[in-house]
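Report on the following structure.
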Amino acid sequence: MEMAFLADVFMQLMRGVPLTLQLAGTSVALGLVMALILAITLQSGPPLVVWPIRGYVTAFRGTPLLVQIFLIYYGLGQFRPSLQALGLWGLFREPYWCAILALTLNTAAYGTEIIRGGLQSVPFGQIEAARACGMSRSLVYRRVILPIALRQALPSYGNEIILMIKGTSLTSIVTLLEITGIAQQIISQTYRAVEVFACAGAIYLTMNYIIAHLLAGLEHRLSAHLRAAPDFESSVAIEGGLH
Amino acid sequence: MFDLVGFGVGGWGAALLKAALTTFALSVAGFLSGAVLGALAAFARLSGDRFARGAAFAYSALFRGVPDLLTIYLLYFGGSVALTVVGGWFGARGFIGLPAFATGVVALAVISGAYQAEVYRGAFLAIHRGELDAARAYGMSGPTMLRRIVAPQVLRYAIPGLGNVWQLVLKDSALVSVIGLVELMREAQVGAGSTRQPFVFFCSAAALYLAIAIITGSLFRHVERRSLRGVRTA
């Protein structure tokens with residue numbers, strides 16, 4: 001009975017996984033594009049553009065994601081007539097699009113800081129060398145700056161992706177039926193909160209574990225040139241030294 | 001529009017400020033309790049005992065991998081179920097809910113402890129091995145070495161990381177509103193509901209969170225600068 005109940009809960013919760021991944025995937029992808037544009041603009045834009053971007057980043061990094069979701073989903077409802085006039089009401093009426101918007105704006109603010117850090121880590125000599133080769137500004141970005149900066153930013157960005165997966169659970173509060181939302185639905189029928197939430201927690205943990213491993217693999221692949229060449233003698237020496 | 005969140009008659013300003021104070025108290029209590037948990041977990045992680053290492057690793061991996069909202073729900077409902085069962089032995093009837101503030105503190109402590117463990121561990125590993133050897137060569141006992149050599153440096157190296165965890169705790173405290181504690185987020189919801197001006201109230205809440213984050217952030221930077229005053233920098 002107990003195992004059968006848990007198995008049933010598990011199968012029901014798994015139906016929420018696609019929505020969770022979809023919410024996180026869409027907002028991380030859109031947020032990355034936005035973060036790239038904003039971070040590059042911060043590097044060289046005029047003050048009139050730089051200051052609003054800094055304000056946006058500070059505001060979204062300094063306030064809880066839950067407040068942001070509520071502000072967009074409930075708060076913008078206050079402007080329903082104007083939004084209807086603009087033809088945007090259909091979008092802001094849907095909790096799904098409000099969640100995507102809130103998650104995207106949130107992750108883009110964090111992402112901007114992460115990528116800005118990556119851009120600053122690019123050694124100036126590399127940029128100078130690229131310019132000396134006669135590369136145009138955009139070519140320098142594409143071939144030199146961005147590959148180095150993004151590789152540098154990957155570990156932090158990986159953490160941000162995990163935070164986003166965790167962040168999607170907040171969208172259950174605005175009625176989306178992702179994993180946490182389904183969990184709450186099951187609990188309102190069975191009153192067995194502990195088992196159901198523990199089951200949901202296990203699913204999140206497994207997802208994050210897999211994502212962390214994929215990212216670690218990617219990082220390993222991208223940093224091959226930073227590792228010592230595989231050399232039997234020295235690898236034995238290093239392992240010997242650890243013990 | 002500003003009268004609504006002002007301090008005049010019918011204004012929500014005082015209520016929101018009081019709720020912000022609750023948010024601050026909740027976050028500070030959660031952060032400090034988390035510091036104890038985190039230090040214990042870091043200590044276990046660095047100890048020679050295989051079981052302690054494994055348990056500490058599992059703790060920090062678990063609570064950094066599960067959504068904070070779920071942790072809060074789980075502690076609240078799990079604790080309440082346990083309390084209801086115990087209450088039943090003594091003849092109490094029906095569901096007994098845990099006190100929301102205490103549950104919030106425990107939840108924030110457990111979550112932030114998992115992050116703080118990593119911060120302290122990293123800070124300990126940043127200490128120069130030679131300093132520890134030198135302390136041992138002087139014949140310092142373990143506690144003396146911890147007090148004079150390890151703790152001051154761990155704290156210095158940990159300050160930037162702890163600042164990040166503090167900001168995380170402050171923002172996570174908004175999630176405690178789901179178990180009914182009237183902190184800033186919940187008060188904003190109440191105000192939004194009774195005046196039908198959600199935008200005004202959630203903006204005010206956001207502004208107050210931001211104010212706390214900015215003020216405490218500059219405090220952390222000040223402490224960091226102060227802690228580095230004996231360190232030569234380029």
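Every chain is numbered from 1, with letters handed out A, B, ... down the list of sequences. No hydrogens, no waters, no symmetry mates; every other heavy atom, side chains included, goes into these values.
Using a 4.5 Å cut-off on side-chain heavy atoms (C-beta onward), B:P198 and A:F70 make no contact. Contact of the A:S172 side chain with the B:L69 side chain is registered, since non-hydrogen atoms from C-beta on lie closer than 4.5 Å.
Neither the backbone nor the side chain of A:I203 comes within less than 4.5 Å of any heavy atom of chain B. The contact between B:A61 and chain A is made entirely by backbone atoms, counting heavy-atom distances below 4.5 Å. The part of B:S177 that comes within reach of chain A is its side chain, from C-beta onward, which places non-hydrogen atoms under 4.5 angstrom from that chain. Of the atoms belonging to A:T180, it is side-chain heavy atoms, and not backbone ones, that fall under 4.5 Å from chain B. If you measure heavy-atom distances from B:A206 to chain A, the contacts under 4.5 Å come from both the backbone and the side chain. When heavy atoms are compared at a cutoff of 4.5 Å, B:L184 does not approach chain A at all.
Looking at every heavy atom in both residues, B:Y209 comes nearest to A:V67 through CE1-CG2, 3.7 Å.
Open room surrounds CZ on B:F24; 12 or fewer heavy atoms of other groups in view lie less than 6.0 Å from it. The 12-atom threshold is not exceeded at CH2 of A:W97, counting heavy atoms of other residues, nucleotides or ligands nearer than 6.0 Å. Atom CZ of A:R227 has more than 12 neighbouring heavy atoms from other residues, nucleotides or ligands inside a 6.0 Å radius. Within a 6.0 Å radius of CZ in B:R50, other residues, nucleotides and ligands contribute 12 heavy atoms or fewer.
Rounding to the nearest 0.5 Å places OG1 of A:T63 at 10.5 Å from CE of B:M185. Distance check: A:T58 OG1 to B:I214 CD1 gives 6.5 Å after rounding to the nearest 0.5 Å. For the atom pair CD1 (A:I72) and CZ (B:F199), the distance works out to 9.5 Å, reported to the nearest 0.5 Å. How far CG of A:L65 is from CG of B:D172: 10.0 Å, rounded to the nearest 0.5 Å. The CZ atom of B:R64 lies 8.5 Å from the NZ atom of A:K166; values are rounded to the nearest 0.5 Å. Considering CZ of B:F77 and CD of A:E195, their distance stands at 12.5 Å, rounded to 0.5 Å.
Listed for the B:K171 side chain is a donor-acceptor partner under 3.5 Å among the backbone atoms of A:R61.
A donor atom on one side chain and an acceptor atom on the other are found under 3.5 Å apart for A:Q184 and B:Y73.
Chosen from A:L71, A:I187, A:L170, A:V194, the residue pairing most often with chain B at heavy-atom distances under 4.5 Å is A:L71.
At a heavy-atom cut-off of under 4.5 Å, chain B is reached by A:Y110 from residues 100-121 of chain A, listed in order of number.
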